[in-house]
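Note sheet for the following structure.
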Amino acid sequence: MRATRFPLSTLRETPADAEVISHQLMLRAGMIRRLASGLYTWLPLGLRVLRRVEQIVREEMNRAGALEVLMPAVQPAELWQESGRWEKYGPELLRLQDRHSRPFCFGPTHEEVVTDLFRREIRSYKQLPVNYYQIQTKFRDEIRPRFGVMRAREFLMKDAYSFHLDGECLSREYELMHATYCRIFERTGLAFRAVEADTGAIGGSLSHEFMVLADSGEDAVAVCAESGYAANVELAPSLPPQSPRAAPEEAMEEVATPEQRTIAEVSAFLGVEASQHIKTLVVEGRDGGLVALLLRGDHSLNEVKTEKHPAVAVPLAFASAERVEAVLGCPFGSLGPVGLAERGAVVIADYAVAHLSDFVCGANREGYHLRGVNWGRDIAEPECADLREVVAGDPSPDGAGPLVIRRGIEVGHIFQLGETYSEAMAAKVLDEAGEERTVTMGCYGIGVSRVVAAAIEQNHDAQGICWPGPLAPFQVALVAIKAEQPEVHEAAEDLYAELMASGIDVFYDDRDLRPGVKFADMELIGIPHRLVVSPRGLQEGLVEYKGRCDEAPITLAREEVVAWLKSR
RNA sequence: CGGGGUGUAGCUCAGUUUGGUAGAGCACUGCCUUCGGGAGGCAGGGGCCGCAGGUUCAAAUCCUGCCACCCCGACCA
């Protein structure tokens with residue numbers, strides 16, 4: 001491709017409304033343009049990258065035996081009413097009406113449509129298992145789209161749905177998809193981890209997320225280097241401390257802590273470390289009462305795990321300040337477990353809290369705290385549960401060494417769905433005995449457009465994007481310096497022709513611009529390899545080469561350039 | 001939905017307080033010089049100052065309403 005036939009539309013300045021680096025660079029490199037909130041046009045350069053991701057995904061899905069289909073983006077409400085999601089799905093579902101006032105939605109996902117397809121097409125167990133997939137535009141009316149295509153409303157997704165007679169077959173397909181996803185992300189050249197994930201409201205027994213590791217990632221994952229354990233921190237259990245609790249040394253006393261409300265304030269005021277404090281959070285209980293959750297001062301609440309506790313209302317809701325004062329007779333800043341059960345709250349302690357001795361907590365009296373408090377002596381032994389977010393250094397749940405916390409961007413998610421949709425929509429086949437059997441399902445998603453943004457979050461520098469080779473819009477940038485000199489022009493054209501002929505995807509910057517401008521553009525758009533033809537080198541039959549991430553260029557003999565590049 | 005902010009050229013932003021003929025840099029067009037790291041000069045093109053009302057001799061500027069976008073939070077999974 002020649003630059004004179006491929007307008008780059010790069011920007012020197014960063015558009016003001018782009019917050020994260022991938023969004024900034026995608027705009028500056030001229031990959032995307034915003035049309036409206038959460039809606040983006042892919043320009044030629046960006047589309048080349050998107051297509052590369054798509055192609056890797058398609059090849060590996062095909063290789064795994066999945067069957068590509070293309071389902072409508074617009075779906076009739078009927079199907080969603082049948083599955084029950086027309087009512088359940090919130091305002092994220094974009095609802096439409098056609099000219100006859102019949103209700104439709106723009107699909108945020110395709111379980112209903114694919115289940116309908118399945119029940120119409122597949123009759124016999126002999127046709128199972130089957131895995132349909134598509135690469136298609138989805139729409140989710142996010143409350144707050146942001147970060148460019150990272151969290152857009154309209155986005156490109158690969159979604160796959162498998163159908164099985166039994167759970168064993170589903171498990172095999174799940175494992176195959178797990179392996180296929182690993183191959184896909186390995187091929188993209190990105191650093192990623194497969195992590196155990198919460199199944200959320202979709203339910204099902206097993207779920208993994210695929211995370212591209214990047215410091216700017218929205219998700220936190222807990223990883224154990226020794227065992228390979230990896231899970232979303234939403235899910236990662238914390239183990240109860242193994243050592244015995246230290247014996248009490250201090251007597252319990254009430255101390256005045258005027259105007260000291262937060263753990264940090266009380267900790268500084270009393271000169272006691274936050275890890276010796278108990279933090280008391282009050283949430284709504286399932287039975288309509290209040291539940292007090294006790295956490296160590298330096299720990300934070302894990303809402304996903306907490307919601308699974310039978311005493312806690314779903315969804316998790318913090319009690320209002322008014323309600324806490326009315327029921328417990330004390331404001332937030334001075335709450336503590338001592339005497340709280342008597343005031344009518346269910347008290348649940350995190351395991352780490354139950355392990356404390358001589359701790360500090362609120363006195364349930366405004367402006368006062370207790371110190372030197374001990375379980376079994378000053379207050380009954382608590383009911384315990386796993387309530388907290390794991391932190392770096394915690395033991396891995398499988399008992400093998402410490403956890404490390406890393407940030408990740410969720411780019412893939414696989415679920416064992418079970419019979420939720422096949423049951424609701426009567427997706428059945430005849431088994432060997434001629435009996436009707438409801439099938440069991442898996443679903444497997446990859447955020448194709450998000451992979452592009454995630455790749456940039458993980459691979460960029462001050463100059464711009466540093467594409468991993470498999471995702472790069474072009475492999476080689478060819479820059480001619482002093483191209484107005486006939487020898488240079490001829491040599492560059494000649495090299496361009498040779499690169500093209502040998503199948504190398506080359507971007508030839510034949511624009512009549514100063515070298516600095518061309519170099520800056522080639523680096524911004526992140527082409528992995530750069531060749532420079534100049535009068536200086538040409539005299540000695542040399543061409544300059546520089547990798548996008550290299551410190552300094554090297555020189556190559558003109559004759560060996562193409563062969564050398566092909567070996568890279 | 002609540003709070004905060006911003007809307008002026010393709011991009012980044014002045015100008016609004018204190019009403020008086022629409023600005024700069026970058027980008028774009030032409031010419032000249034320059035040319036291995038985002039050159040310089042000269043000459044140009046490009047604006048419903050978010051939209052609609054209102055006040056005024058006069059509105060980018062003041063008032064009212066609306067819209068869009070961004071940030072924080074809540075919501076959602």
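No hydrogens, no waters, no symmetry mates; every other heavy atom, side chains included, goes into these values. In what follows, every chain begins at residue 1, and chains take the letters A, B, ... in the order their sequences are listed. The shown structure was predicted, so the numbers you read here are calculated from the model rather than taken from an experiment.
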**OP:** Could you check which nucleotide pairs with C69(B) in any of the strands shown, counting Watson-Crick or G-U wobble with both distances under 3.5 Å?
**Re:** G5(B)
**OP:** Please determine, for G10(B), whether a Watson-Crick or G-U wobble partner exists with both distances under 3.5 Å, and give it or none.
**Re:** C26(B)
Subject >> Spacing between Arg85(A) atom CZ and C76(B) atom C1', to the nearest angstrom >> reply: 13 Å
Original post:
Say you pick atom P in C72(B) and the same atom in G25(B); how far apart are they, in whole Å?
Top reply: 34 Å
Original post:
Which whole-number value in Å describes the distance from Glu87(A) CD to C76(B) P?
Top reply: 17 Å
**OP:** Output the distance between atom CD (Glu112(A)) and atom CH2 (Trp86(A)), rounded to the nearest 0.5 Å.
**Re:** 10.5 Å
Original post:
Using a cut-off of 4.0 Å on non-hydrogen atoms, how would the nucleic acid contact of Glu142(A) be classed: base, sugar-phosphate, or nothing?
Top reply: nothing
**OP:** Take atom CZ of Phe147(A) and atom C1' of C69(B), then tell me their distance rounded to the nearest Å.
**Re:** 16 Å
Original post:
Under 3.5 Å, is there an N or O donor on one side and an acceptor on the other linking the side chain of Arg530(A) and the base of G37(B)?
Top reply: yes
**OP:** Figure out the CG/C1' separation between Leu8(A) and G38(B), and round it to whole Å.
**Re:** 14 Å
Original post:
Which nucleotide, C72(B), A77(B), G38(B), lies nearest any side-chain atom of Asp521(A)?
Top reply: G38(B)
Subject >> Heavy-atom check, side chain of Met425(A) versus side chain of Leu79(A), under 4.5 Å >> reply: yes
Original post:
Does Arg12(A) place a side-chain N or O at less than 4.0 Å from the phosphate oxygens OP1/OP2 of A27(B)?
Top reply: yes
Original post:
Using 30° and 60° as the class limits, which term best fits the ring planes of Tyr174(A) and His178(A): parallel, tilted or perpendicular?
Top reply: tilted
**OP:** Check the distance between C35(B)'s P and His489(A)'s NE2 and give it to me in whole angstrom.
**Re:** 21 Å
Original post:
With a 4.0 Å cut-off on heavy atoms, is Arg146(A) in touch with a base, just the backbone sugar-phosphate, or nothing at all?
Top reply: sugar-phosphate
Subject >> Watson-Crick or G-U wobble partner of G38(B), both distances under 3.5 Å >> reply: none
Original post:
A68(B) and C26(B): how far apart are their C1' atoms, nearest whole angstrom?
Top reply: 26 Å
Original post:
Is there side-chain contact between Met157(A) and Gln136(A), with at least one heavy-atom pair below 4.5 Å?
Top reply: no
Original post:
Of the nucleotides C11(B), C35(B), C70(B), which has the atom closest to the Lys482(A) side chain?
Top reply: C35(B)
Original post:
G46(B) and G23(B): how far apart are their C1' atoms, nearest whole angstrom?
Top reply: 14 Å
**OP:** Report the base-pairing partner of G19(B) (Watson-Crick or G-U wobble, both distances below 3.5 angstrom), or none.
**Re:** none
Original post:
Do you know which of Gln458(A), Glu457(A), His460(A), Met31(A) makes side chain to side chain contact (heavy atoms under 4.5 Å, CB included) with Ser22(A)?
Top reply: Glu457(A)
**OP:** Between Gly38(A) and Glu523(A), just flag the one whose closest nucleotide in RNA chain B comes earlier from the 5' side.
**Re:** Glu523(A)
Original post:
If you draw a 6.0 Å radius around CZ in Arg406(A), do more than 12 non-hydrogen atoms from other residues or ligands fall strictly inside?
Top reply: no
**OP:** Using Watson-Crick or G-U wobble geometry with both distances below 3.5 Å, tell me the partner of C62(B), or none.
**Re:** G54(B)
Subject >> Pair Thr555(A)-Tyr545(A), side-chain donor/acceptor within less than 3.5 Å >> reply: no
Subject >> Euclidean distance, atom CD of residue Glu307(A) to atom P of C76(B) [Å, nearest integer] >> reply: 10 Å
**OP:** Under 4.0 Å between any heavy atoms, over every strand shown, what does Thr14(A) touch: base, sugar-phosphate, or nothing? Just pick one.
**Re:** sugar-phosphate
Original post:
Can you check the Asp509(A) CG to C35(B) P distance for me, whole Å?
Top reply: 19 Å
**OP:** Have a look at Arg34(A) and say if it touches a base, only the backbone sugar-phosphate, or nothing, with a 4.0 Å heavy-atom cut-off.
**Re:** sugar-phosphate
**OP:** Taking atom P in both A27(B) and C11(B), compute the distance separating them and give it to the nearest angstrom.
**Re:** 15 Å
Original post:
Nearest of C75(B), G36(B), C72(B) to any side-chain atom of Arg536(A)?
Top reply: G36(B)
**OP:** Mind checking Ala16(A) for me? I need base, sugar-phosphate or nothing, with any heavy atom below 4.0 Å counting as a touch.
**Re:** sugar-phosphate
Subject >> Asp219(A) CG to A77(B) C1', straight-line distance once rounded to whole Å >> reply: 12 Å
Original post:
Touch check for Lys518(A), heavy atoms < 4.0 angstrom, all strands: base, sugar-phosphate only, or nothing?
Top reply: nothing
**OP:** Using the C1' atoms only, state how far G7(B) lies from C75(B), rounded to an integer number of Å.
**Re:** 27 Å
Original post:
Can you tell me how far C1' in G53(B) sits from the matching atom in C67(B), rounded to whole Å?
Top reply: 14 Å
Subject >> Watson-Crick/G-U partner (both atom distances under 3.5 Å) of G46(B) >> reply: none
Original post:
What integer number of Å spans the C1' atoms of A74(B) and G65(B)?
Top reply: 27 Å
Original post:
Which part of the nucleic acid, if any, lies within reach of Ser534(A) when heavy atoms closer than 4.0 Å are counted: base, sugar-phosphate only, or nothing?
Top reply: base
Original post:
Can you tell me how far P in C62(B) sits from the matching atom in G2(B), rounded to whole Å?
Top reply: 25 Å
Original post:
How do Pro553(A) and Pro145(A) order along RNA chain B: which one's closest nucleotide is nearer the 5' end?
Top reply: Pro553(A)
Subject >> Side chain Arg514(A) and base U34(B) donor-acceptor under 3.5 Å >> reply: yes
**OP:** Evaluate side chain to side chain contact (heavy atoms under 4.5 Å, CB included) for Val304(A) paired with Leu235(A), printing each intermediate quantity in order.
**Re:** CA-CA 7 Å; Val304(A) 172; Leu235(A) 190 75; 5.7 Å; no
